[in-house]
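Down below is the structure, laid out as structure tokens.
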Amino acid sequence: MADESSASFPGPRADIGVTGLAVMGRNLARNFARNGHVTALYNRTQSRVDELIEQFGDEGDFVPSTDLKSFVASLKRPRRIMIMVKAGKATDAVIDELVPLLEEGDIVIDGGNAHFDDTRRREQALKAKGLHFVGTGVSGGEEGALNGPSIMPGGSKESYEALGPILESIAVAVDGTPCCTYVGPDGAGHFVKMVHNGIEYADMQLIAEAYELLRQGLGKTPAELADVFRTWNEGDLESFLIEITARVLDKTHPGADGSPVPLVDLIVDAAEQKGTGRWTVQTALELGVPTTGIAEAVFARSLSGSVDQRKAVQAAGTLVGPTGGSLAGAEAEGFVDAVRDALYASKVVAYAQGFDMIQAGSDQYGWDVDKGAMATIWRGGCIIRAQFLNRIKEAYDKDAHLASLLLDEYFAAAVGNAQDSWRRVVATAVRLGIPVPGFSSALSYYDGLRRERLGAALVQGQRDLFGAHTYGRVDKPGTFHTLWSGDGSEERQDAH
Ligand code: 2AM
């Protein structure tokens, strides 16, 4: 360790350090410094440190370092070091370099979009060395990182005591409450961030379906639809995603002949993904939680991205059917409002499923995640920020053990009131040949959840016939198998 008493060494005085100073890391570092925290800086390529100091050095108290060792030495204990590098191998490489320089009780924070399984592994490995590892979700993109993200930190409770106040100070606040709270042990923070991103996929897909329905079904222009979304943004749907939808639909660029064309008509209709939506669905499958809204959204992006296949189908011209068409008269009447209601109901379902998934993950890994608190910290800073999340918070405040968000009085009534519109919209879309996987699967989920009997009884019968998988009976306890290839009688399979 450096001699802290020597005149040339300023001593460990930084409150927090950030390494990995690409745009997210740089903006977080500036946010820390702007909020009065002495912020240590290190980056593998020195120029990023120099640029930050040159451009933004007057925003706060920065302690730049040219090597990892002095970076570590510049931090007060317990050291709080935020790693902002690409998820995966780079994160492991930086951790491996850092760990030998740290001392017991120091806190390593991964603010990237790591898979929660990686976070669990890293937390275990660092715990064995007496170090804290905090995997934290940081939502809000570059802008949020600078001006106030939503922050979802996992890890030990002890680490949150030393780290929480700093993170809460840079998070955005809504109604005076910071959008940052302790999520739970090891991978909980990154798990919740993953589900947040999954819900974001579902929300965006539903909005895109509403747009398509009104465009293809009513023949409205993007500019007209921008107005529709702006109006919706004044009601229950008020959210960042609805707001930016209006902005995108309003935007024009010069087309081939120089005249303004709606940007949305110039953009290639193949949606990409970075992978957190896919992770959510993979994990949901493993946990056995029906997050159909997120799954449909991920698959809808995949279908849009199957460009060659779509081209082949169009070139062949053999897959016939309606392709939209203008609703008129009674059919058109009230359709805009009906789509709004269908969007809202489908959104409630997608969020209910997302919160079910958080509960399932929490049960599986023993995290004890507070769902109402998650709704609270998503109210600001992040992409799914919305008025609506206050309702979810209120629902869990009233009953933290709600079997489904749909059972909350407010949401049950909202979905109940919307359902005539919801059914009308899905039926219309089906008739017009407009794909609405999000709207229709949300409705099917709703109907599936509330039905007393499901076709699953038949599935159990089939499974028993071809694989002797057995079934339970409604009229008596036990596990049964029918001797399908024998005399057709039934045997009780469990010990009794
Ligand atoms: P660089 O500026 O030296 O490329 C995003 O890529 C950030 O993560 C950048 O600041 C980058 O540093 C850093 N980074 C990526 N891989 C890294 C590694 N293996 N070790 C250290 N920093 C890394």
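Just follow the structure's listing: the first ligand is 1, and inside any ligand the first atom is 1. The model shown is predicted, which means the values in this text are computed figures rather than measured ones.
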>> Whether Lys347 engages the ring of Phe388 as a cation-pi pair (distance to the six-membered ring centre under 6.0 angstrom, angle to the ring normal within 45°) should be assessed.
In response: yes
> What's the spacing between His196 NE2 and Lys193 NZ if we round to 0.5 Å?
Replying inline: 6.5 Å
> Counting only heavy atoms on the protein side, is anything nearer than 4.0 Å to atom 6 (O) of ligand 1?
Replying inline: no
> Starting from atom 19 (N) of ligand 1, which protein heavy atom do you reach first, and at what distance in Å?
Replying inline: Arg44 NH1, 3.4 Å
> Between Glu59, Glu51, Glu142, which is the residue that forms a salt bridge (charged side-chain N to carboxylate O under 4.0 Å, His left out) with Arg30?
Replying inline: Glu59
> From Lys398 NZ over to Asp408 CG, what is the distance, rounded to the nearest 0.5 angstrom?
Replying inline: 4.5 Å
>> Can you list everything that forms a side chain to side chain donor-acceptor pair (under 3.5 Å) with Asp96? Sequence neighbours excluded, please.
In response: none
> What is the nearest protein non-hydrogen atom to atom 10 (O) of ligand 1, stated with its residue, atom name and distance?
Replying inline: Asn43 OD1, 2.7 Å
> Can you tell me the protein heavy atom closest to atom 16 (N) of ligand 1 and the distance?
Replying inline: Ala90 CB, 3.4 Å
>> If we set the cut-off at 4.0 Å for heavy atoms, which region of Thr19 has an atom near ligand 1: side chain, backbone, both, or neither?
In response: neither
> Can a cation-pi geometry be assigned to Arg26 and Phe56, taking NZ or CZ under 6.0 Å from the six-membered ring centre and within 45° of the ring axis?
Replying inline: no
>> Using a 4.0 Å cut-off to any heavy atom of Ala22, which atoms of ligand 1 qualify?
In response: 5 (C), 7 (C), 10 (O)
>> How far is atom 21 (C) of ligand 1 from the closest protein heavy atom, and which atom is that?
In response: Val94 CG2, 3.5 Å
> How far is atom 13 (C) of ligand 1 from its nearest protein heavy atom, and which residue and atom is that?
Replying inline: Val85 CG1, 3.6 Å
> Considering only heavy atoms of Gly20, which atoms of ligand 1 have at least one such atom less than 4.0 Å away?
Replying inline: 10 (O)
> Side-chain donor-acceptor pair under 3.5 Å between Asn147 and Glu143, yes or no?
Replying inline: yes
> Nearest to atom 1 (P) of ligand 1, what protein heavy atom do you find, and at what distance?
Replying inline: Thr45 OG1, 3.4 Å
>> For atom 2 (O) of ligand 1, what is the closest protein heavy atom, and at what distance to 0.1 Å?
In response: Arg48 NE, 2.6 Å
Taking only distance into account, with no hydrogens and no angle test, what donor-acceptor pairs under 3.5 Å do side-chain atoms of residues 40-49 form with protein atoms, sequence neighbours excluded?
{"from": "Asn43", "atom 1": "OD1", "to": "Leu21", "atom 2": "N", "distance (Å)": "2.9"}
{"from": "Asn43", "atom 1": "ND2", "to": "Thr45", "atom 2": "O", "distance (Å)": "2.9"}
{"from": "Gln46", "atom 1": "NE2", "to": "Asp50", "atom 2": "OD1", "distance (Å)": "3.0"}

